[in-house]
There are 2 protein chains.
Amino acid sequence: MQSIARPQNLADAVYEQLKSELFEFQLLPGDRFTEIEVAERTGASRTPVRQALYRLQREGFIDVNFRNGWEVRPLDFDQLDALYEMRVLLEQTSVRRMKKLPAEELKAILRPLEKVWCVNSSKRSHDAGLVAQWDEEFHCALVAASGNSEFVRVHREITERIRIVRRLDFTQQARIAATYAEHSAILDALGHRAFSAVADQLATHIEVSRVEARKLTLLKLQNARKNFSPNKINHRTVPVSAGV
Amino acid sequence: MQSIARPQNLADAVYEQLKSELFEFQLLPGDRFTEIEVAERTGASRTPVRQALYRLQREGFIDVNFRNGWEVRPLDFDQLDALYEMRVLLEQTSVRRMKKLPAEELKAILRPLEKVWCVNSSKRSHDAGLVAQWDEEFHCALVAASGNSEFVRVHREITERIRIVRRLDFTQQARIAATYAEHSAILDALGHRAFSAVADQLATHIEVSRVEARKLTLLKLQNARKNFSPNKINHRTVPVSAGV
DNA sequence: ACACGTGGTACTGTATACAAGAGAGTATCC
DNA sequence: GGATACTCTCTTGTATACAGTACCACGTGT
């Protein structure tokens, strides 16, 4: 979707790797780890590792304890709710602003989205990762239509922040089907310039996915905790200064 | 206003110092500098300096050129406009949500603000820095009333980002007077629960200050550039690899 | 006079060495 | 036995050393 930004320096590479470990729940909320551990795991030295860690800290994923290791921040569902609210606000505002767009421009925005979402069921994807990516692109495209670069930037940051729970929604085929249905309905209504109606549809659409994602996240966390092996505990999750 | 966060480590201290140099227009858009220069100026080593620089980069104030020094990013008025739009959206949304607040809570929010803004002219401050700070606190308080922590966080980030131009607005006594008048009018209307009216007032209030700030910024930049001394050029703003 | 190739310098990116303190574990005392 | 003080290790924070290359300047050839 947006700037791919392949990492050219080690710090970015480490950042990407850690983030993916967070998203795959290989690093679980509450897990503790040290800079040296990460450095050995990634093959980099502490310098780029620290750059990556501090970036993740500023983005809210991890915490540093003064001279006492790092820690994966627990998922804060209140904060996630606030992020989802902000997301709704941005997307609704962007959609409402579409009424200023001439028909031509609106069509140009909708056409590529319709190619993905308004297809009969044989042509639909069942791949969770792919649908998750398309879903993000769909909603980002709505905000991009606002023409406000800061709406886009903030919305993208929110997308990054909630992805960890949002993507779980597409692990269920029924939810993928619902997403197809709702997205094509939204595109339909946009084609008829029913912007206020779309704003309402969006709120519902996002709210349902928020609730589903929360349920699945709680399940996922329970399972992930069950799968602890003693090795893994010793390797990573034990309090840092506990020795062997 | 929000968390004071006195810097305990060098990186934060350097960050604060650099940011204040940016805000005071001691570091001007287009200025180039190196990590070692900053290290010598602040007394820290390159490590914390780099931490601070990368933070400022992520926040959009400066750019790094690969193996070729750092550079103060030019002020982008289109981006500032987008930030102001976002600010209006957040503050209007927060104000509109106040209608859900019971009278008691609303009063508790308004009272401290009225103490600052609804005072007769003899008690008003004429200090630009102080009024600028109170102004930020006023608008942040409105958003805080929304109860959405992400609204607050994003709004605070925007406040940090636009402060560099916004504060100039209060260097004119006439604008300070206008701010007092408009803030007290807004508080009045809020006391009467005229939330939609306040939303309109806010949009106008912010829009006027945006335009004023832009005018003053352009002036300030012109003056700052005039005051270049050859020494200063050699010291800081010449292309990095130019030797003596 | 101008284009092109080459060398040197200065800059960031990365690795490593050093400093200081937080915390677990142990020994000691009552 | 329990509480307290202390030591020792491990951690992050900071400083510095090293590596690689982008850019400028100069020189050379045409």
Side-chain angles (χ1 to χ4, degrees), chain A residues 5-18 27 30-59 61-73 233-244, chain B residues 5-18 27 30-59 61-73 233-244:
Chain A
R6 273 293 125 247
Q8 320 190 352
N9 49 14
L10 276 175
D12 287 349
V14 172
Y15 168 83
E16 297 290 349
Q17 177 175 341
L18 285 174
L27 280 173
D31 278 4
R32 302 187 67 179
F33 58 90
T34 71
E35 296 174 0
I36 293 176
E37 243 176 77
V38 177
E40 284 169 358
R41 194 143 48 83
T42 59
S45 78
R46 275 184 62 213
T47 304
V49 164
R50 277 170 60 80
Q51 239 179 301
L53 289 174
Y54 272 102
R55 183 169 164 198
L56 288 166
Q57 185 206 26
R58 292 213 63 78
E59 292 175 0
F61 292 104
I62 57 179
D63 277 325
V64 59
N65 301 313
F66 185 65
R67 272 167 216 191
N68 194 23
W70 291 77
E71 193 169 341
V72 180
R73 193 175 291 182
I233 291 181
N234 280 339
H235 182 56
R236 181 183 296 146
T237 64
V238 107
V240 175
S241 298
V244 174
Chain B
R6 273 292 126 246
Q8 320 192 351
N9 49 14
L10 276 175
D12 287 350
V14 173
Y15 169 84
E16 295 292 347
Q17 178 175 340
L18 285 174
L27 279 174
D31 279 3
R32 303 187 65 179
F33 58 90
T34 71
E35 295 173 0
I36 293 175
E37 245 176 74
V38 178
E40 283 169 358
R41 194 144 47 83
T42 59
S45 77
R46 275 183 64 211
T47 304
V49 165
R50 278 170 60 80
Q51 239 179 301
L53 290 174
Y54 273 102
R55 183 170 165 197
L56 288 166
Q57 185 206 27
R58 292 212 64 77
E59 292 175 0
F61 292 104
I62 57 180
D63 277 325
V64 58
N65 301 314
F66 186 65
R67 271 166 235 222
N68 194 23
W70 292 76
E71 192 170 343
V72 180
R73 193 176 290 182
I233 289 180
N234 280 338
H235 183 56
R236 182 184 295 145
T237 65
V238 107
V240 175
S241 297
V244 175

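Chain letters run A, B, ... following the sequence lines, proteins first and then strands; every chain starts at 1.
- Rounded to whole angstrom, the span from the CG atom of A:Asn9 across to the C1' atom of C:dC11 amounts to 15 Å.
- Taking atom CH2 of B:Trp70 as the reference point, atom C1' of D:dA22 lies 16 Å away to the nearest angstrom.
- Minimum atom distance to the side chain of A:Leu10 is reached by C:dT14, of the listed C:dT14, C:dG23, D:dG13.
- Checked by atom type and distance alone, the side chain of B:Arg55 never pairs as donor or acceptor with a backbone atom of A:Tyr54 at under 3.5 Å.
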Can you give me the N/O atom pairs linking the protein to nucleotides 16-19 of chain D at distances under 3.5 Å, or say none if there are none?
| residue | atom | partner | partner atom | Å |
| --- | --- | --- | --- | --- |
| D:dT16 | O4 | B:Thr47 | OG1 | 3.3 |

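- Nearest-nucleotide positions on DNA chain C place B:Arg50 closer to the 5' end than the other of B:Arg50 and A:Phe66.
- Annotation for B:Ile62 and B:Arg73: closest pair O-NH2, 3.7 Å, computed over non-hydrogen atoms.
- Atom C1' of nucleotide C:dA10 and atom CZ of B:Phe33 are separated by 16 Å, given to the nearest angstrom.
- Considering CG of B:Asn68 and OG1 of B:Thr34, their distance stands at 11.0 Å, rounded to 0.5 Å.
- Phosphate contact (OP1/OP2 of C:dG13, side-chain N/O of B:Tyr54, threshold under 4.0 Å): present.
- Remark: C1' of D:dC24 and CG of B:Asn65 are 15 Å apart, rounded to the nearest angstrom.
- Between A:Leu53 atom CG and D:dT14 atom P the separation is 15 Å, expressed in whole Å.
- In summary, the aromatic rings of A:Trp70 and A:Phe61 are positioned with their centroids too far apart to meet the 6.0 Å limit.
- Among the candidates A:Val14, A:Leu18, A:Val49, the single residue satisfying the side chain to side chain contact (heavy atoms under 4.5 Å, CB included) test with A:Arg41 is A:Leu18.
- Taking atom CG of residue B:Asn68 and atom P of nucleotide C:dT9, one finds them 17 Å apart after rounding to whole Å.
- Between A:Gln51 atom CD and C:dT12 atom C1' the separation is 11 Å, expressed in whole Å.
- To the nearest 0.5 Å, atoms CD (A:Gln57) and CG (A:Leu53) are separated by 9.0 Å.
- Taking all atoms of both residues into account, the shortest heavy-atom contact from B:Arg46 to B:Ala39 is N-CB, 4.2 Å.
- Residue A:Glu35 contributes atom CD, which lies 14 Å from atom P of C:dA15 at whole-angstrom precision.
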